[in-house]
*Asks:* 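Got a structure here, written out as structure tokens. Questions coming.
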Number of protein chains: 2
Amino acid sequence: MLAKQKELIVQLLRSSKLSITDTRVKILELFLKSNGALEHADFEKLSGKSFDRVTIYRTLQTFLDKGIVHKIPTTDTSVRYAICKSDCGEHDHHDHHVHFRCEECGSTRCLEETDIPVISLPKGYDAHNVEVVVSGVCKECK
Amino acid sequence: MLAKQKELIVQLLRSSKLSITDTRVKILELFLKSNGALEHADFEKLSGKSFDRVTIYRTLQTFLDKGIVHKIPTTDTSVRYAICKSDCGEHDHHDHHVHFRCEECGSTRCLEETDIPVISLPKGYDAHNVEVVVSGVCKECK
DNA sequence: GATGTTTATGCAACATTGTTGCAATTTTAT
DNA sequence: ATAAAATTGCAACAATGTTGCATAAACATC
């Protein structure tokens, strides 16, 4: 791993008041390496099974709590996580961007440059958060 | 069950070329009774455990294949199904409406009257389907 | 650096959810 | 009423997620 990247990861953990551990560094490294969303099984594969399953679950939950990653909705039982690029904190997490799932390669990524549109709901509904997942074919698979 | 409703369900199954069985009728009845989305566990509870788990899985998959129900994306491991009110067939299923998840009562429902907005993606991406899930507080919980 | 305290990890055991093969039953068509 | 086709229930298995607790690692302080 590049020293530069390692420094970035350490800063990220410090700013969330988390201690620096091998598991957390490795998982963040995997997030930065992949430009898409990851699910639990990916971490077991990509990390070479060097970490316990339970540790991975707990690490992801911690990152969620701290606003370091966010979940992406899916229509199956998998839970997908993506790293938050910006504007997310421990107490105010919002995805202001669209998620895209490619039907060809199966990857899911955040389209940071594509804003969530305003949805006008029927009378009586209060919206707190809006999730948009677009599926189709990505740039690379065309 | 009302004879009228039963007749409706039988028609629905017939038009999808499915045979009329107790499980299928019961599950459709539960869909019509609830005005929100249901997940697998709900069927086990609501049906009074009268059906085998496997049968429920297979029935839901059959309904999906036939376009009778659709899935709603979630950020956890649950898989939520809602009955299609309109314009869905076996080979062209589209949700043209927004889904709403209430943070208070936990129910998920289809907002048939709220259209999915047009999302303009970055160059190179082809969109086939757009899912929108809004979370917040519903009419009943305010 | 060494030391004690706090925090994170790994293991075991368990709970939940989903899948597959096959025999028995039910539905449908004749 | 009967035969063929489809569905169901059971058993066994696979995958995924959770909890308690002892061990190990990280951190703050000296």
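By convention in this document, chain letters (A, B, ...) are assigned in the order of the sequence lines, proteins followed by strands, and residues within each chain are numbered from 1. For clarity, every value in this text was computed on a predicted model and none was experimentally measured.
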*Asks:* Quick check on DNA chain C: between E44(B) and T23(A), whose nearest nucleotide comes earlier from the 5' end?
*Replies:*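 Counting from the 5' end, the first nearest nucleotide belongs to T23(A).
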*Asks:* Would you indicate whether the side-chain heavy atoms of R109(B) and C138(B) approach each other to under 4.5 Å?
*Replies:*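 In contact.
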*Asks:* How close or far is atom C1' of dA6(D) from atom NZ of K66(B), stated in whole angstroms?
*Replies:*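 Answer to the nearest Å: 12 Å.
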*Asks:* Out of I27(A), T23(A), L60(A), which one pairs with T55(A) under the side-chain contact (heavy atoms from CB on, under 4.5 Å) rule?
*Replies:*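 Among I27(A), T23(A), L60(A), the one that satisfies the side-chain contact (heavy atoms from CB on, under 4.5 Å) with T55(A) is T23(A).
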*Asks:* Are any non-hydrogen side-chain atoms of H40(B) and R53(B) less than 4.5 angstrom apart?
*Replies:*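 H40(B) reaches R53(B) side chain to side chain.
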*Asks:* Report yes if the side chains of T62(B) and L18(B) come closer than 4.5 Å at any heavy-atom pair, otherwise no.
*Replies:*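 Yes - at least one pair of side-chain heavy atoms lies under 4.5 Å apart.
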*Asks:* Can you tell me how the ring of H70(A) sits relative to the ring of H99(A), calling it parallel under 30°, perpendicular over 60° and tilted otherwise?
*Replies:*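 Rings of H70(A) and H99(A): tilted, 30 to 60°.
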*Asks:* What is the distance from CD1 of I56(B) to C1' of dT16(C), rounded to the nearest Å?
*Replies:* 14 Å
*Asks:* Give the rounded distance in Å between these two atoms: CZ of R24(A) and P of dT7(C).
*Replies:* 11 Å
*Asks:* What does the inter-axis angle of the helix from dG1(C)-dC30(D) to dT30(C)-dA1(D) come out as, five pairs per end, nearest 10 degrees?
*Replies:*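 Between the first-five-pair axis and the last-five-pair axis there is 40°.
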*Asks:* In whole Å, I'd like the distance from the CD atom of Q61(A) to the P atom of dT18(D).
*Replies:* 8 Å
*Asks:* Expressed in angstrom and rounded to an integer, what is the separation of K26(A) atom NZ from dA25(D) atom C1'?
*Replies:*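 So the NZ-C1' distance, K26(A) to dA25(D), works out to 19 Å.
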*Asks:* CG of L60(B) versus C1' of dT7(D): gap in Å, rounded?
*Replies:*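 Rounding to the nearest Å, CG of L60(B) and C1' of dT7(D) are 15 Å apart.
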*Asks:* Nearest 0.5 Å please: distance from the CG atom of L38(A) over to the OG atom of S78(A).
*Replies:*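 Here the rounded value is 11.5 Å.
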*Asks:* Counting primed atoms plus P, OP1 and OP2 as sugar-phosphate and everything else as base, spell out the protein contacts along nucleotides 18-30 of chain C at 4.0 Å heavy-atom distance: B, S or - for each nucleotide, 5' to 3'.
*Replies:* BBBB-----SS--
*Asks:* Minimum heavy-atom separation for A37(B) and D42(B), please, with both atom names.
*Replies:*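 Looking at all heavy atoms of both residues, the closest pair is O-OD2, 4.4 Å.
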*Asks:* Should F43(B) and F31(B) be marked as a ring pair (Phe, Tyr, Trp, His ring centres under 6.0 Å) after you check the CA-CA gap, both sets of side-chain angles, and the distance that decides it?
*Replies:* CA-CA 9 Å; F43(B) 296 105; F31(B) 268 119; 5.3 Å; yes
